[in-house]
Structures are given as structure tokens and as C-alpha cells.
Amino acid sequence: MKIAILGFGSVGKGLAKIIADKNLGIIITAIADSKSGIIDNKGLNVAKVLLAKKKTGLCGDTSITPQKIIETAEYDVLVEVTPTNAATGQPALDYIKAALSRGKNVVTSNKGPIALEFKSLQKMADENNCLLKYEATVCGAIPIIHALQHGLAGNKIKKIYGVFNGTCNYILTRMSDEKLTYKQALLEARELGYAESDPTYDIKGIDAAIKLVILANTVLGFDKTLDDVEITGIDNMSSDAIGLALEDGKTIRLIGEIDAERETLSVAPRILPKNHILVVKDTLNAVTARTDLAGDVTLIGKGAGSFETASAIISDLLYIKENHGGRN
């Protein structure tokens, strides 16, 4: 199965390295970052591309654009892992549409297009007899979408709730365990690379909310937008609030929740017992699905990271390879 990769940051590079190291029956024929691209329809030498990227900051020729790769390269699956734009979904949205219109399968880790236009993208995929897969958009390495759509098939999902953002979880863990102030914990998260230089999406609960929208629309069939989510972040979290919770043997976590029966979505800090299943440490994610047959099912794992996100992308690629023959 041949794939083209758009986006060659930490996730794209991690994915390429894993595919080069493992015998998965996947050949990379094209790679592009925001400044350059490279195409070899027989298969790229990934080690050389990674070395070039490290030395020059470019993965290939500056004349080769993502659009050129979409339109001219040989590939069965377009892997779209460019940075997320939650407001417009661009340029990823146009990349995905262009590939689907060619009848090419698409795997993406990009939350923007899936949160904004899932139904129209899925319709386009269906009309062109190809697959659109997006496991990596929610909770990194945790196969939450596959579990909800396939593992719990036949169950009525009543509620989905949990820790969806590792940055916030790290900050709250450090505030609780080490008595750090919010500012101290945020600074530490930045120094360790867990928080961006502008952590607004994370700390204000927007990232968690986008993930709720994706789950609501793709798993539950709702038609929600970010405006439908009631959001309270942790940017006003005080040491006093954490201290009061600790005095009562409890702690605080940022919890995202979809109430499927009421069709409501919310993100807010919540007080939980310290031994609660959702009280996970550091950057872990933890999500519980409440169902009518299986009861409560909880998945815990790493919600971010280059190899962790690549793990979800590879699972989607192998699903396509095994169930759709890779080729159209």
C-alpha cells in the first residue's frame, strides 16, 4: 500500500520512522512540509529524507507543494498531519477534499476538518468509494473511536466523559501532588514541552471541547459545533481550590463530558475522589463510556506525542489495508 504524507513535524517524522523500521507493507511515495516536498513513486528513502529535514529544515524540493503531491503522486492513502486550525480547518480541509475527490483514502490527525465538516467529508468519501479515518484526532494512542464504533457495537452509549487534555492534566497533577501554583505548573509544562508557548487552546478547555465535538458527531451522529460546548478551562485555577479539595481527600481534574441522552457537551474542572478511575497522572488521558450492556468501560493511555499519535495513524492505515485493499 502506497501512502503520501502531508505534514512533516513531530508526528509526520515519527510516522515515517516507524513505517521505515517496521515491516508493515506500507510504502511512502511522497512527503511534504509547509516549505518543500519530495516524490518518488517507487518509494522514498525515509532515512535520507529525515536527515535532510534535520540538516536543512526542508524535506525536499521547494517547488513541490502539498497540492502537487495530492494531484500527481501515486498513493492509495493520503496521510494528513499538518497543524490544526480549529477556526477554519485550513489548509488541511482543502487537502482532504482534494484527495477524496480523486477517490483516495484519507487518514488524518487533524482535529479542525473533522470537527468542522465531518458529515460533508464522510459523504464525499462515500460517494468516491474511499475511506476517511481519524482515530488520531482524539486522545492520541488511545483507540477510543474504534472502541466506541466497533468494540462497543450494539451498545447504547449513554455518556462519554473523562480527561481529554494531557497539558491540563499535567498542570493539575503538579498543583495537587507538589503544591505548585498554577503559574509554576504551567511554566514547568512549557519547559518539558507539554505546553505550547501559547497554551490557550489547552488551558481554556478548547482542545478538549473540540475532541468532544468530534466524538459527538462521528460516534453518536450528532451535529454539534464548538459553540454548542459549555466550556470552563483551568486558567483561573487557584492553589486554594486544590488545597480545599485535598483537605477532603479529593483532587481536581478537567473533565469533558457528552451526555448522549440530553445531547449536551461540557468541559469544566471537577472535584473527584483521589482514587477515582479518571484521576490519572501527568499527561495521561482517561475516558469512560457509560453503556447499557457493557456498563462503564474506561480507556487510559497517552494522549499525545509523536510515536503515540503515529500509533493511531498506523492502526487506521492497517485497517484500510486489510478492509479496503489499500487500493481503489
Colleague: Hey, are the side chains of D207 and K211 touching, using non-hydrogen atoms and a 4.5 Å cut-off?
Modeller: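 Yes - at least one pair of side-chain heavy atoms lies under 4.5 Å apart.
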Colleague: Using modelled atom types and a 3.5 Å cut-off, is there a donor and acceptor pairing between side-chain atoms of T56 and backbone atoms of L58?
Modeller: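 Indeed, once roles are kept as given, a pair shorter than 3.5 Å links the two residues.
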Colleague: Take I160 and I157, measure what side chain to side chain contact (heavy atoms under 4.5 Å, CB included) needs, and give me the verdict at the end.
Modeller: CA-CA 8 Å; I160 302 169; I157 297 174; 3.7 Å; yes
Colleague: Do I27 and L78 share a hydrophobic cluster, counting only Ile, Leu, Val, Met, Phe, Trp and Tyr and linking them when any side-chain heavy atoms are less than 4.5 Å apart?
Modeller: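 Unlinked, I27 and L78 end up in two clusters.
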Colleague: Please confirm whether the backbone N or O of I38 pairs with a side-chain atom of D61, one donor and one acceptor, at under 3.5 Å?
Modeller: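 Judged by distance alone, no pair lies under 3.5 Å.
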Colleague: So which atom in V213 and which in K224 form the shortest heavy-atom distance, rounded to 0.1 Å?
Modeller: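 Scanning both residues completely, I find the closest heavy atoms to be CG1-O, 3.4 Å.
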Colleague: Nearest 0.5 Å, please: how far is NZ in K68 from OG in S63?
Modeller: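 Going from OG on S63 over to NZ on K68, the span is 5.0 Å.
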Colleague: If you count the non-hydrogen atoms of other residues, nucleotides and ligands that lie under 6.0 Å from CD in E230, is the total more than 12?
Modeller: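 12 or below, so no.
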Colleague: From L284 CG over to Y170 OH, what is the distance, rounded to the nearest 0.5 angstrom?
Modeller: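 OH of Y170 is found 12.5 Å from CG of L284.
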Colleague: Could you tell me the separation between the CD1 atom of I231 and the CD1 atom of I210, rounded to the nearest 0.5 Å?
Modeller: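 If we round to the nearest 0.5 Å, I231:CD1 and I210:CD1 are 8.0 Å apart.
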Colleague: Treating Y75 as the side-chain partner and I70 as the backbone partner, does any N or O pair qualify as donor plus acceptor under 3.5 Å?
Modeller: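 Flag set: sc Y75 to bb I70 pair under 3.5 Å.
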Colleague: Between L254 and P269, what is the shortest heavy-atom contact and its length?
Modeller: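 Minimum heavy-atom contact is CD1-N, 3.6 Å.
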Colleague: Passes side-chain hydrogen bond (donor to acceptor under 3.5 Å, both in side chains), E117 versus S120? Steps please.
Modeller: CA-CA 6 Å; E117 292 197 30; S120 64; 3.2 Å; yes
Colleague: Take K274 and L246 through the side chain to side chain contact (heavy atoms under 4.5 Å, CB included) test and state the conclusion after the steps.
Modeller: CA-CA 8 Å; K274 291 183 77 173; L246 288 172; 4.0 Å; yes
Colleague: Against L172, only a single residue in D282, I242, T251 fulfils side-chain contact (heavy atoms from CB on, under 4.5 Å); can you say which?
Modeller: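 For L172, the side-chain contact (heavy atoms from CB on, under 4.5 Å) check succeeds only for I242.
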Colleague: To the nearest 0.5 Å, what is the distance between NE2 (H146) and CG (L299)?
Modeller: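 Atom-to-atom, H146:NE2 and L299:CG are 11.0 Å apart.
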Colleague: Drop me the distance from I145's CD1 to Y134's OH, to the nearest 0.5 angstrom.
Modeller: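 Between atom CD1 of I145 and atom OH of Y134 there are 6.0 Å.
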Colleague: What is the minimum heavy-atom distance between G140 and T309, and which atoms define it?
Modeller: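 Heavy atoms only, the tightest pair is CA-OG1, 4.4 Å.
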Colleague: Assigning hydrophobic clusters by single linkage (Ile, Leu, Val, Met, Phe, Trp, Tyr; side-chain heavy-atom cutoff under 4.5 Å), is L220 placed with L152?
Modeller: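 Yes, because L220 and L152 connect within a single hydrophobic cluster, where side-chain heavy atoms sit under 4.5 Å apart.
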Colleague: What verdict does the side-chain hydrogen bond (donor to acceptor under 3.5 Å, both in side chains) test give for T298 and T288, after you've listed the backbone C-alpha separation in whole Å, the side-chain angles of each residue and the deciding distance to 0.1 Å?
Modeller: CA-CA 4 Å; T298 301; T288 296; 2.7 Å; yes
Colleague: Could you tell me whether the side chain of D316 and the main chain of I313 form a donor-acceptor pair under 3.5 Å?
Modeller: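 No.
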Colleague: Between L24 and I314, does the side chain to side chain contact (heavy atoms under 4.5 Å, CB included) criterion hold? Intermediate values first, please.
Modeller: CA-CA 9 Å; L24 302 173; I314 286 169; 4.1 Å; yes
Colleague: Do Y95 and Q90 come within less than 4.5 Å of each other through their side chains, counting heavy atoms only?
Modeller: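 Sidechains of Q90 and Y95: no contact.
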Colleague: At their closest point, which heavy atom of A310 faces which heavy atom of G14, and how far apart are they?
Modeller: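 Nearest heavy atoms, A310 then G14: CB-C, 4.3 Å.
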Colleague: Does some side-chain heavy atom of L180 sit less than 4.5 Å from a side-chain heavy atom of L187?
Modeller: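 A side-chain contact is absent here, since even the closest heavy-atom pair is not under 4.5 Å.
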Colleague: Among D177, N169, T173, find the residue that satisfies the side chain to side chain donor-acceptor pair (under 3.5 Å) test when tested with K281.
Modeller: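 Testing K281 for a side chain to side chain donor-acceptor pair (under 3.5 Å) against D177, N169, T173 leaves exactly one candidate, D177.
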Colleague: Hey, does the Lys NZ or Arg CZ of K53 hover above the aromatic six-ring of F8, less than 6.0 Å from the centre and inside 45° of the axis?
Modeller: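 The answer is no; the distance or angle limit is not met.
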Colleague: Are the side chains of V287 and Y161 in contact, using a 4.5 Å heavy-atom criterion?
Modeller: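 Sidechains of V287 and Y161: no contact.
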Colleague: Backbone N or O of T82 within a donor-acceptor pair of the E80 side chain at under 3.5 Å?
Modeller: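 Yes: the side chain of E80 pairs with the backbone of T82.
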Colleague: With a 4.5 Å cut-off on side-chain heavy atoms, are I144 and E135 touching?
Modeller: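 The answer is yes; the side chains approach within 4.5 Å.
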Colleague: Has T84 got a side-chain atom pairing as donor or acceptor with N110's backbone, closer than 3.5 angstrom?
Modeller: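 Not at all, since once roles are kept as given, no pair shorter than 3.5 Å links the two residues.
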Colleague: Pair K97, L121 - check side chain to side chain contact (heavy atoms under 4.5 Å, CB included), show working.
Modeller: CA-CA 7 Å; K97 286 180 177 179; L121 292 175; 3.7 Å; yes
Colleague: Could you check whether any side-chain heavy atom of I28 comes within less than 4.5 Å of a side-chain heavy atom of I19, counting everything from C-beta outward?
Modeller: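 Yes; the side chains approach each other to less than 4.5 Å.
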Colleague: Are M124 and L6 connected in the hydrophobic side-chain network, where two residues link if heavy atoms are under 4.5 Å apart?
Modeller: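 Yes.
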Colleague: More than 12 heavy atoms of other residues, nucleotides or ligands under 6.0 Å from CD of E196: is that the case?
Modeller: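 Not more than 12 within 6.0 Å, no.
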Colleague: So, are K250 and D248 salt-bridged, with charged N and O less than 4.0 Å apart?
Modeller: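 Between D248 and K250 there is a salt bridge, with a charged N closer than 4.0 Å to a carboxylate O.
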Colleague: Do any N or O atoms from the side chain of N128 and from the backbone of C130 form a donor-acceptor pair under 3.5 angstrom?
Modeller: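 No, N128 side chain to C130 backbone: no donor-acceptor pair under 3.5 Å.
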Colleague: Using a 3.5 Å distance criterion without hydrogens, assess whether the side chain of R290 forms a donor-acceptor pair with backbone atoms of K158.
Modeller: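 Checking the backbone N and O of K158 against the side chain of R290, no donor-acceptor pair under 3.5 Å is found.
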Colleague: Considering all heavy atoms of both residues, which atom of A241 and which atom of M237 are nearest to each other, and what is their separation?
Modeller: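 Closest heavy-atom pair between A241 and M237: CB-SD, 4.1 Å.
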Colleague: Please determine whether a side-chain nitrogen of the Lys or Arg among D235 and K204 lies less than 4.0 Å from a carboxylate oxygen of the Asp or Glu.
Modeller: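 Salt bridge: yes.
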Colleague: Check this for me: does any side-chain nitrogen of one of D76 and K321 sit under 4.0 Å from a carboxylate oxygen of the other?
Modeller: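 No.
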Colleague: What pair of heavy atoms forms the shortest contact from I214 to T218, and how long is it?
Modeller: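 Where I214 meets T218 most closely, the heavy atoms are O-OG1, 2.7 Å.
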Colleague: Transitively linked via ILVMFWY side-chain contacts under 4.5 Å: I3 with L50?
Modeller: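 Linked within one cluster.
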Colleague: Are V280 and I252 co-members of a hydrophobic cluster defined by side-chain heavy atoms under 4.5 Å apart?
Modeller: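 No, I252 does not connect to V280 through the hydrophobic network.
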Colleague: With rounding to the nearest 0.5 angstrom, report the CD1 to CD distance, I69 to E74.
Modeller: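 Here the interatomic distance stands at 13.0 Å.
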Colleague: Is it true that a side-chain atom of N155 and a backbone atom of A294 form a donor plus acceptor pair closer than 3.5 Å?
Modeller: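 Yes.
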Colleague: Verify, without hydrogens or angle tests, whether T29 (side chain) and N41 (backbone) share a donor-acceptor contact under 3.5 angstrom.
Modeller: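 Not at all, since once roles are kept as given, no pair shorter than 3.5 Å links the two residues.
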Colleague: Who passes side chain to side chain contact (heavy atoms under 4.5 Å, CB included) against D259, sequence neighbours left out?
Modeller: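 Counting only residues at least two positions away or on another chain, D259 forms a side chain to side chain contact (heavy atoms under 4.5 Å, CB included) with K159, E257, E261, R262, T264.
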